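In this text, all values refer to a predicted model and were calculated from it rather than measured experimentally. All chains are named by letter (A, B, ...) in the order of the sequence lines, taking the proteins before the strands, and each is independently numbered beginning at 1.
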Protein chains: 2
Amino acid sequence: MSSDPTIVPARRSGKGDPEADEAVYAALHAAILEGRIAAGTKLAETPLAEAFGVSRERIRKVLHRLVAERRLEAVPNRGVRVPQPTLDDVRAIYQAHRVLEAGVLRELAEKLDDRLLGELRMHVGQEQRAAMERDRAASVRLSGAFHLRIADALGNAQLSAMLRDLLTRSSIMVSVYESIAESFCGVQEHGAIVEALARHDVERAIALSGDHFRLVEARLQLRPQPPKVDVARLFGPIGEAGGEEPVRS
Amino acid sequence: MSSDPTIVPARRSGKGDPEADEAVYAALHAAILEGRIAAGTKLAETPLAEAFGVSRERIRKVLHRLVAERRLEAVPNRGVRVPQPTLDDVRAIYQAHRVLEAGVLRELAEKLDDRLLGELRMHVGQEQRAAMERDRAASVRLSGAFHLRIADALGNAQLSAMLRDLLTRSSIMVSVYESIAESFCGVQEHGAIVEALARHDVERAIALSGDHFRLVEARLQLRPQPPKVDVARLFGPIGEAGGEEPVRS
DNA sequence: GCTGGATAGAATGTGCACATTTGGTACGGG
DNA sequence: CCCGTACCAAATGTGCACATTCTATCCAGC
């Protein structure tokens, strides 16, 4: 998180802290993304406000923002819940990713230069190293970053944002439908795509990418038991410099 | 559910009306989309609240929602503004649309059946009829609907949503950078894409689609004088007459 | 005459109290 | 014993008042 060690304003009471919004948002966003909150869990405003040690209005604003971003779903007068995606929803995400990447690869082949090719190869090298070192966390992260890298190469902010959104949604899905051990893509598949691009073989690159996604899609299956935890216990007081007396029951 | 079927609560204008949110959102959304509000215009909360005849909090919520949807941009403590896209932004939108449609066409070719083909041909027929009748409004609407139709054919909600978002963004752009007279696509180009699909000639369909978008892209140019109107005059009080009719100046 | 700062006005942001709705529960009737 | 109804508690939604921040104007100083 961003911290300013140089100047800390005197107002530490947690009242008018403009960073509190972002802190709450980041905490909830990460918790949803990493699957720490079971799908279908209702996120009540009051308990969250007490857990974070901020006002209910602040929680409210963040929750509505997450709803607008489709990360939570809201029922009028009945609060917000963590959406429970169906298997078809997950397949739709991966299909969308596959379709989008096919278009991106076609476009990318026209403007692929040596510098970009070198960067992609370096990235695959990093993935291989992480895989050899059995660094699972790095593998998952780099695997997603590979697809993002391809999209970013076009320099189109819209495409990058769309792909980034799809990736974060996949992350949510993965926690529900896929075992973590299987969640990262195969490294050699990424390398094959890059080499096909290097040969300007667009059709081959797209085909490899398609097979790649279909493979991930085929591995999907419903996990038996999503974790059920109390949201109030999940979020401790945020930011040691901030509020420090949320318990009042 | 309701225990009192006989009593319909008298909807007090502006107080506890749950439809007011949607009405304000729809009015603002449409105004932004149709370019009735000049790019760069600051949307102050108080004047809007008075114009719509609702509380400032309601306006606030709608404005923040529009910001979350990237339809407006916000500067902390300085209100929200209608974003002013650069020419590069517009090109990025169209490139994203082109890239996405290329992927969609490739995928669609595999699952194209006679029924879908018939529907697409019928849609092109409607476009031709609208073009012959010089119905410009219908032409613009059907032209956008054509691309949406293609994406919807895959039955993927994610892809449809992404394309719908790109289309609405194009609409905004068009009002700034393109003369309305040129804003709809050529009908024969749409027909050619459909016929290429009918022959299962994916490469040809994608090439046609690409040329199609590049053509639209090439027509882009900065319009000299965006309209500058007062937002307070634009939005009459809602809920009384049932509709908001903007006053064009 | 021009520049800089200070002040007043306005607009945005936030917390609080209240209104409305929902879901559960207990009670009474069939 | 079961079902329908009325009440109660909790949670969400909303309006209002206040705090904070930005902007524009005016005045003093150079």
Checklist entry - When the distance from CG of A/D21 to P of C/dT12 is rounded to whole Å, what number comes out? => result 17 Å
Checklist entry - For the pair made of CZ in A/R56 and C1' in D/dA10, what is the distance, rounded to whole Å? => result 11 Å
Checklist entry - Above 12 or not: heavy atoms from other molecules or residues under 6.0 Å from CZ of B/R70? => result no
Item to check | Interatomic distance, A/I59 CD1 vs D/dA11 P [rounded to whole Å] | outcome: 14 Å
Checklist entry - Could you state the CD-P distance from A/E45 to C/dC16, rounded to the nearest angstrom? => result 15 Å
Next on the checklist: What's the closest nucleotide to the side chain of A/K42 if the choices are D/dA11, C/dT12, D/dG13?
Outcome noted: D/dA11
Checklist entry - Listed by chain and number, what are the side chain to side chain contact (heavy atoms under 4.5 Å, CB included) partners of A/R65, not counting sequence neighbours? => result A/E22, A/Y25, A/E69
Next on the checklist: Just the rounded figure in Å: distance from P of D/dT12 to CG of A/L63.
Outcome noted: 9 Å
Checklist entry - Between D/dC22, C/dT14, D/dT12, which one does the side chain of A/T46 approach most closely? => result D/dT12
Checklist entry - For residues A/R60 and A/S55, is any side-chain donor paired with an opposing acceptor at under 3.5 Å? => result no
Next on the checklist: Rounded to whole Å, please give me the gap between CZ in B/R81 and C1' in D/dT23.
Outcome noted: 13 Å
Next on the checklist: Side chain of B/R78 only, heavy atoms from C-beta on: which candidate in C/dT22, D/dT23, C/dT14 is closest?
Outcome noted: D/dT23
Item to check | A/E22 CD to C/dG13 C1', straight-line distance once rounded to whole Å | outcome: 16 Å
Checklist outcome for this item: Taking D/dG13, C/dC16, D/dA17 as options, the one with an atom nearest any side-chain atom of B/E57 is D/dA17
Checklist entry - Out of D/dT14, C/dG15, D/dC16, which has the shortest distance to the side chain of A/R58? => result C/dG15
Next on the checklist: Distance check needed: C/dA19 P versus A/N77 CG, whole Å only.
Outcome noted: 16 Å
Next on the checklist: Can you tell me which nucleotide in C/dT14, D/dG13, D/dG15 comes closest to the side chain of B/R60?
Outcome noted: C/dT14
Item to check | Contacts of type side chain to side chain contact (heavy atoms under 4.5 Å, CB included), residue B/A151, not counting sequence neighbours | outcome: B/L163
Next on the checklist: Does the plane of the ring in B/H147 sit parallel, tilted or perpendicular to the ring in B/H97? Use 30° and 60° as the thresholds.
Outcome noted: perpendicular
Checklist entry - Does B/K61 put a side-chain nitrogen or oxygen below 4.0 Å from OP1 or OP2 of D/dT14? => result yes
Next on the checklist: Just N and O in the side chain of B/S55: are any of them under 4.0 Å from OP1 or OP2 of D/dT14?
Outcome noted: no
